[in-house]
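Step one of this worksheet: look at the structure below.
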Amino acid sequence: MFLQTHGPIRAIHSGNHIISLIKQGMQKPPNDTGGFPFQCFRQWQLQEHTYLCSMNTVRVRFAPSPTGGLHLGGVRTVLYNYLFARQQGGQFILRIEDTDQTRYVDGAEQYIMDCLQWCGLVPDESPVHGGEYGPYRQSERKTLYRRYADQLVAAGQAYYAFDTPEALDQLRETHKAAGNSFFYNHEVRMGLNNSLRLLPEETQALLDAGTPYVIRIKVPANEFVSFTDMIRGDIAFDTNTTDDKVLLKADGMPTYHLAVVVDDYLMKITHAFRGEEWLPSAPIHLLLWKYLFGFDHMPQWAHLPLILKPDGNGKLSKRDGDRLGFPVYAMDWKDPKTGDLTKGFRELGFLPQAFINLLAALGWNDGSGQEIFTIDELIEKFNMDRVHVSGAKFDFEKAKWYNQEWIRKQPVAEWQSLVHQHLKEQGLVVPNDNYLTRVLELVKERCTLLTDFYTQAGFFFQAPQQWDMDAVRPKWNEDKKAFFTELVAIFATMTGWENAAIEEAFKTLATAKNIKPGELQLPMRVMLVGGKFGPAVFEIAAMIGRAATIARVENMLGAL
RNA sequence: GCCGUGUUGGUCAAGGGGUUAAGACGCCUCCCUUUCACGGAGGAAUCACGGGUUCGAAUCCCGUACAUGGUACCA
C-alpha cells in the first residue's frame, strides 16, 4: 500500500510560521516531535489520523490545457500517473484545464483523448467518461471557484485588486529599467490599487460600479512554507519571495493556482504529479491548501524532471522537433488556425508500446538494467522513489531503438495491419495477408520504424521504379549480360520455383560461364530490388514469383 | 537580478564511503554476409571545480562555477 512508502502529510501552524511536512514512512517514533511544541504534535497526530482513515483509494489526475498538440512530456506525466494508479488499484482522472479562454484551441481536447486512447492510457473519469466528481472541464465549474475566492477574501487571506494589466506592465517596465524586478507582494501591495489599501466603502463603490478586478492571494510576510516532494525530498520557500498571485481573473475564471487546489480537493486527489516547472508556484498551492482546507487531504506532490532539448539547453518544445527533425507530439496535430501540420510519433511509425516504453525510461528505471518493458511490467515495477531528479535530454536515436526492439519483440500479427495501412497509403497493392506476413517476417530486422517497411519491402509488391546503376555499371560487361540473358531462358523453363532451385540454377550457370556467383548476385539484386539492400536475393525471387523475376531482369537488361 | 532545482562518458544511466565506475544508445575497428540489416568480438570516462571530514570520497559536509525552471489576469 502506498501509505507504507509515502507517508501522510502533516501540517502544523506554529506561531507565525507554517510548517508542513510529509514523512517518508510511518516509522518515526511517536515521541519524536521534531522539536515542535507538544500541542503542535497533537494537532498533527490528529490530522494524520483523519488522513489515514479517509485516504484509502489512490486518485491521480492529468490536467492538460487544450491549447494544442500533446507534448511527449505531457504523455510521460500521464504515464507515470497511470502506472501509479494501476499499481495502487486507484483511479486515473483526466481533467481539462480550460480556464484560459484566450488560448483555447478547437479540437485540442478531442486530440488529447485520442492520444490517450492510442497510448492505451485511458482515464477512469474524464469529460467523456464521466464520473462522480464532475464536471471534468474547469470552464464548466466556473461558478464553483468564485465561492472559494470569496471565502478567502472574507477571511482576509485574499483581496480585490483593481490594477489594470497595463498599469502592472508599466510598473514591471519601470522596475526593469531601474535594474530590479517588480513583484506584487507584501512590500508594495499597500501602494497599489486594491482593497487592502482602499477604504471598505471605496472598494464597495468600485465593485458596485462594475470596475474590473481580480482576486489575489495575500501571501503572508516572513513565513516559511515547506513540503516533502516524493521525488525531491524536503523543499522550502520563503514567503517573502513569493508574490500575490492572481486567483480569480477579471473574466471570473480561476487561474491555475486556485483551480488545482479546489479541484484536487473536490476530486479527492491523493497524489499530484506534475512537471518540475510547477515547483516555484508550489508555495502558493500550499498556502491555499492551508487557508481553504486546513491541509485536509492535501495530495502528496511529486515534481517530475523536465525533458530537455537534445542539443543546447532548455525544455524540449515543438519547435525543437521541427528544427531537428523528430516528433515531439504523440500524434499528428493540425493547427486549426494556421493549418500547420506537426508530425506525431504515431504517424512517423512508432508502435504505442514502444512510445510508452521509451517515455517510461525518460526519467525512470528500475535499477536492474532492463530496458524493454511491457505496460504490465511497468505497472508492476514502476516506483516513484526511482524517478530521477534531474532532467534528461531527449535522444531520438535511442527512441528509434526502442521501436526497433518492439518490432522484433512482438509477433508480426500485432502490427501487420498498421504496416498494411501504411503501404496502402503509399499506393502499394497487397495481394493477400498471408503474403504480407511472410514479407514482413523477412524484412522486419531491417526496420526501425513502421514507415521503413515501404522502402524495405516495397519491391515485394511493385517492380523497382529506378535502379542503383552506380552499383552495377562499373563492373558490367558482355559476359555478364550474356549470363543474364541465358539465365532468363533457364528461369522460364525450369521446373519448380523454390528458393533452393533458383539458387542452384543460378550457380550452375555461373560456374559454366566461369564467372564467380558473387559477382553476379549484386546485379541480380539491383534488378529485383532496385538497390543494394534487402534479404537474400533468391528468397526475393522465390517470393515475387517466376514471371515477376524474369520481367525485372529483362527490364534492367534493356536499360543497361 | 531574485527564488527554486540540478550537475557520473557525445546521450540515457547504475552505483550513495574501499568497485578494474555496470549496462544501453550513438560512434570507431574487426568477424559474419561478395547487398543492407541482424548477430558476434573489441575500442574510447582521472564521476563540474575548490576546500574540508575520513586511514580512504564519484559517494558525506561547505563553498564556487555552470546549467535549468519560475519570476503573467498562461498553464
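Quick note on labels: first sequence line is chain A, next is B, and so on, each numbered from 1.
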key: Cationic N near anionic O, under 4.0 Å, A/Asp395 to A/Lys393   = no
query = If you check every side-chain atom of A/Glu445, which of B/rA75, B/rC38, B/rC3 has the closest atom?
reply = B/rC38
ask   = Should the ring pair A/Tyr160 and A/Tyr213 be called parallel, tilted or perpendicular, given that the plane angle runs from 0 to 90° and is split at 30 and 60?
value = perpendicular
Report, one pair per line, the protein and nucleotides 60-67 of chain B atoms (nitrogen or oxygen only) whose separation is under 3.5 Å.
unit_1, atom_1, unit_2, atom_2, d
B/rA67, O3', A/Asn313, ND2, 3.2

inquiry  = Which residues pass the salt bridge (Lys or Arg N to Asp or Glu O under 4.0 Å) test with A/Arg274, not counting sequence neighbours?
reply    = none
request  = Remember a base hit wins even if backbone is also touched, and classify A/Ser65 as base, sugar-phosphate or nothing at under 4.0 Å, heavy atoms.
outcome  = sugar-phosphate
note = Sequence neighbours excluded, the answer for salt bridge (Lys or Arg N to Asp or Glu O under 4.0 Å) partners of A/Arg446 is none
note = In short, salt bridge (charged side-chain N to carboxylate O under 4.0 Å, His left out) pairs touching residues 159-170 of chain A with sequence neighbours left out are A/Asp169-A/Arg172
key: Closest listed nucleotide, where the reference is the side chain of A/Phe183 and the choices are B/rA14, B/rU71, B/rA24   = B/rU71
message = For A/Thr448 and A/Asp452, which I'm curious about, is there any donor-acceptor pair between the side chains at under 3.5 Å?
response = yes
ask   = Does NZ or CZ of A/Lys398 fall inside the cone over A/Trp401's six-membered ring, less than 6.0 Å from its centre and within 45° of the axis?
value = yes
ask   = Is any side-chain N or O of A/Asn240 closer than 4.0 Å to OP1 or OP2 of B/rC3?
value = no
inquiry  = OP1 or OP2 of B/rA72 versus the side-chain N and O atoms of A/Arg172: is any pair under 4.0 Å?
reply    = yes
remark   = Separation of B/rG70 atom P from A/Asp229 atom CG, nearest Å, is 17 Å
note = Within residues 100-110 of chain A, those residues having any heavy atom closer than 4.0 Å to RNA chain B are A/Asp100, A/Arg103
Set of salt bridge (Lys or Arg N to Asp or Glu O under 4.0 Å) partners for A/Glu140, sequence neighbours left out = A/Arg137
query = Which class fits the ring pair A/Phe396 and A/Phe350: parallel under 30°, tilted 30 to 60°, perpendicular over 60°?
reply = tilted
query = Looking at residues at least two apart in the chain, or sitting in another chain, which of them share a side-chain hydrogen bond (donor to acceptor under 3.5 Å, both in side chains) with A/Tyr145?
reply = A/Asp263
remark   = 5'-most contact on RNA chain B (nearest-nucleotide basis), A/Lys475 vs A/Cys447, goes to A/Lys475
request  = Can you check each nucleotide of nucleotides 4-10 of chain B against protein heavy atoms at under 4.0 Å and return B for base, S for sugar-phosphate only, - for none, in 5' to 3' order?
outcome  = BSSS---
query = Does A/Arg408 put a side-chain nitrogen or oxygen below 4.0 Å from OP1 or OP2 of B/rG39?
reply = yes
ask   = Which pairs, with at least one residue in residues 507-532 of chain A and sequence neighbours excluded, count as a ring pair (Phe, Tyr, Trp, His ring centres under 6.0 Å)?
value = none
query = Can you check whether A/Lys532 has a side-chain N or O nearer than 4.0 Å to OP1 or OP2 of B/rA37?
reply = no
query = Which ranges of RNA chain B pair up as stems, where a stem means three or more consecutive Watson-Crick or G-U pairs with both distances under 3.5 Å?
reply = B:1-7 with B:65-71, B:10-12 with B:23-25, B:27-31 with B:39-43, B:48-52 with B:60-64
ask   = Less than 3.5 Å between a donor and an acceptor, one on the side chain of A/Lys245 and one on the base of B/rA72, is that the case here?
value = no
ask   = How would you label the contact of A/Asp251 with the nucleic acid (heavy atoms, under 4.0 Å): base, sugar-phosphate, or nothing?
value = nothing
key: Short side-chain N/O contact to B/rG15 OP1/OP2 from A/Arg386, under 4.0 Å   = yes
ask   = Contact class for A/Ser368 vs. all strands (heavy atom < 4.0 Å): base, sugar-phosphate, or nothing?
value = nothing
task = With sequence neighbours excluded, tell me which residues meet salt bridge (Lys or Arg N to Asp or Glu O under 4.0 Å) with A/Lys249.
result = none
Integer-rounded Å distance: B/rA24 C1' and A/Phe373 CZ = 12 Å
request  = Establish, with yes or no, whether the OP1 or OP2 oxygen of B/rA14 is under 4.0 angstrom from a side-chain nitrogen or oxygen of A/His388.
outcome  = yes
For residues 520-535 of chain A, which side-chain donor-acceptor pairs fall under 3.5 Å, sequence neighbours excluded?
unit_1, atom_1, unit_2, atom_2, d
A/Arg525, NH1, A/Phe533, O, 2.7
A/Arg525, NH1, A/Gly534, O, 3.2
A/Arg525, NH1, A/Pro535, O, 3.1
A/Arg525, NH2, A/Pro535, O, 2.9

request  = Inspect the contact between A/Asp150 and A/Arg147 and indicate whether a charged nitrogen and a carboxylate oxygen are less than 4.0 angstrom apart.
outcome  = no
ask   = Within less than 4.0 Å of OP1 or OP2 of B/rG70, is there a side-chain N or O belonging to A/Lys315?
value = yes
